[in-house]
Trainee: 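Could you have a look at this structure, given as structure tokens, before my questions?
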Protein chains: 2
Amino acid sequence: MGLTSEDIERLDEIVKRTRPLHRGDFLFRDGDRFRSLYVVKTGSVKTFAPSPEGGEQVLGFHLPGEIIGLDAIDKDQHACSAKVLETSAICEIPFQRLEELTSAIPSLQHQMYRLLSKEIGHDTDMLLLLGKKNAEERLAAFLLSLSQRLHKRGLSPSDFYLSMSRHEIGNYLGLAVETVSRLFTRFQDDGLMRVDRKHIELLDLPALEALVGGNGQGRRQNQQR
Amino acid sequence: MGLTSEDIERLDEIVKRTRPLHRGDFLFRDGDRFRSLYVVKTGSVKTFAPSPEGGEQVLGFHLPGEIIGLDAIDKDQHACSAKVLETSAICEIPFQRLEELTSAIPSLQHQMYRLLSKEIGHDTDMLLLLGKKNAEERLAAFLLSLSQRLHKRGLSPSDFYLSMSRHEIGNYLGLAVETVSRLFTRFQDDGLMRVDRKHIELLDLPALEALVGGNGQGRRQNQQR
DNA sequence: CGCGGAATTGATGTGCATCAACTCGGGTGG
DNA sequence: CCACCCGAGTTGATGCACATCAATTCCGCG
């Protein structure tokens, strides 16, 4: 990716390692001044924004290797909160230092642009999910997303623990808790997965993929031609 | 914003002015190699992505002053298409040239980060909209968004023409065409607005704002505490 | 002037939210 | 160490918002 080992070292120097955080801890809260980006090393974090009516919208679940806080650069202030879901190790990257560094290292600047751009791409995927998919497709997509992201980090793509509640999953996917619960049992009955409390085993990845995309007749699609 | 007039001039030099484009023209298509960002000077553009089932998801409508293509930086390839909705003037900014410039001008780099970050913020708003709002709130939010963006460009915030079809609005908001149509007539009956074909007059901005946020009892909210 | 797609309007169906009741674990304090 | 409690999760019954289906009207345009 065009970074020399010397570059990496310079980047490494500005990263702060923080001691492990625990379930319920906040990385930052909605309204806080923006100072740093955060990278999950181990564990998981959820981000969420308040909605006008007093509820909240879960914006994402962040797994190892993923970065948090990019949306706050614009207003120099966080518009969402980040809460740790389980004991986690998080690195902090002071943004101002990072900006100085990216000015000096073009390839690092390019990486930053890509990172920000990728985040936009993810959001786009979620828009498609929320705008056009039915409940079944949403949950399947969610499970596959977790699976793929864990796999990328060398973890099992088919056997893992959910660090978030059904309520949080439902909120994230725009579904009621009950719907999430029912779908878990349905998927299990159909032999697609095994569910025991927080423990998930995906038994038939291809079938889940077929559910998300190919759409063996899901929702009569929202009037797309 | 920290840019000297000399900086501006340098930026200006790399911008290409293109001759006016017309309804139906593409700025780029899904799959095209990424080369440039585009800025709408006058007119409007819609971006949309194919969905697996062959339909499409409208990702956004872009008005004067707004930038298009940021999501393509990551993969160096466009993941969506951009189609001109009405006769429009569009500027093209070759991204590679821009990157060279932002390397040299820290404050310009900062602006770029902010721009990308802001885009993420917009997407976040849409996620909240699609995940938590009912049809009425979505359409009200859509109208207010147009109103505010036009106003920012010195145009009337309460009297304008829609360059997109009801179908496209519905697609964007995750609603059926018929629902959009019915809501327009309902809003009109309630004295919130006047609708004549593509011509829109917003008669009661405060009431529309109340619909979006304050929620005088919209949908019994999706189980938020 | 007549065609065809866009928009409106009405009737009907349904996916999922909501309401309600019950179960299950896991943590706590006696 | 166990009885209790309480929030999380499951399961079932019901209702509603919005999609879908079906006509009809309305321009825009050749």
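Here is how names work: the chains are called A, B, and so on, in the same order as the sequence lines, proteins then strands, and each is numbered from 1. Computed from a prediction, not measured in an experiment: that's the story for all the values here.
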Trainee: Is the phosphate of C:dT9, meaning OP1 or OP2, less than 4.0 Å from a side-chain N or O of B:S181?
Mentor: no
Trainee: Is B:R197 touching bases, backbone alone, or none of the nucleic acid, heavy atoms closer than 4.0 Å?
Mentor: sugar-phosphate
Trainee: In whole Å, what is the span from the NE2 atom of B:H199 to the C1' atom of D:dC27?
Mentor: 17 Å
Trainee: Nearest-Å distance, CD (B:E178) to P (C:dA6)?
Mentor: 13 Å
Trainee: Between A:K198 and D:dA8, does any side-chain N or O lie under 4.0 Å from OP1 or OP2?
Mentor: no
Trainee: B:L175 side chain: which of C:dG10, D:dA19, D:dG12 is closest?
Mentor: D:dA19
Trainee: If only side-chain N and O atoms count, and only distance matters, is there a donor-acceptor pair under 3.5 Å linking A:E92 with A:S36?
Mentor: yes
Trainee: So does A:E136 reach the base of C:dC16 with its side chain, donor to acceptor, closer than 3.5 Å?
Mentor: no
Trainee: Rounded to whole Å, how long is the line connecting atom NZ of A:K132 with atom P of C:dG15?
Mentor: 18 Å
Trainee: From the set C:dC16, D:dC18, C:dA20, return the single nucleotide nearest to any side-chain atom of B:N134.
Mentor: D:dC18
Trainee: In whole angstrom, give the distance that lies between atom CD of B:Q188 and atom P of C:dA7.
Mentor: 15 Å
Trainee: OP1, OP2 of C:dA17 versus side-chain N and O of A:T179: anything below 4.0 Å?
Mentor: yes
Trainee: Taking atom types as they are modelled, would you say the side chain of A:R182 forms a donor-acceptor pair with the base of D:dG9 within the 3.5 Å cutoff?
Mentor: no
Trainee: Just the rounded figure in Å: distance from P of C:dG10 to CZ of B:R186.
Mentor: 14 Å
Trainee: Could you tell me whether the side chains of A:H199 and A:D159 share a donor-acceptor contact shorter than 3.5 Å?
Mentor: yes
Trainee: Write down the distance between CE (A:M164) and C1' (D:dA8), rounded to a whole number of angstrom.
Mentor: 15 Å
Trainee: Is any side-chain heavy atom of A:L173 less than 4.5 Å from a side-chain heavy atom of A:T179?
Mentor: no
Trainee: Using the ring centroid of each side chain, check whether A:F34 and A:F28 are separated by less than 6.0 Å.
Mentor: no
Trainee: Please check if any side-chain donor atom of B:S44 sits under 3.5 Å from a side-chain acceptor atom of B:H62, or the reverse.
Mentor: no
Trainee: Using the side-chain heavy atoms of B:A135, tell me which of these nucleotides is nearest: D:dT11, C:dT8, D:dC18.
Mentor: D:dC18
Trainee: D:dC6 C1' sits how many Å from A:H167 NE2, rounded?
Mentor: 17 Å
Trainee: May I ask you to verify if any side-chain N or O of A:R166 is less than 4.0 angstrom from the OP1 or OP2 atom of D:dT10?
Mentor: yes
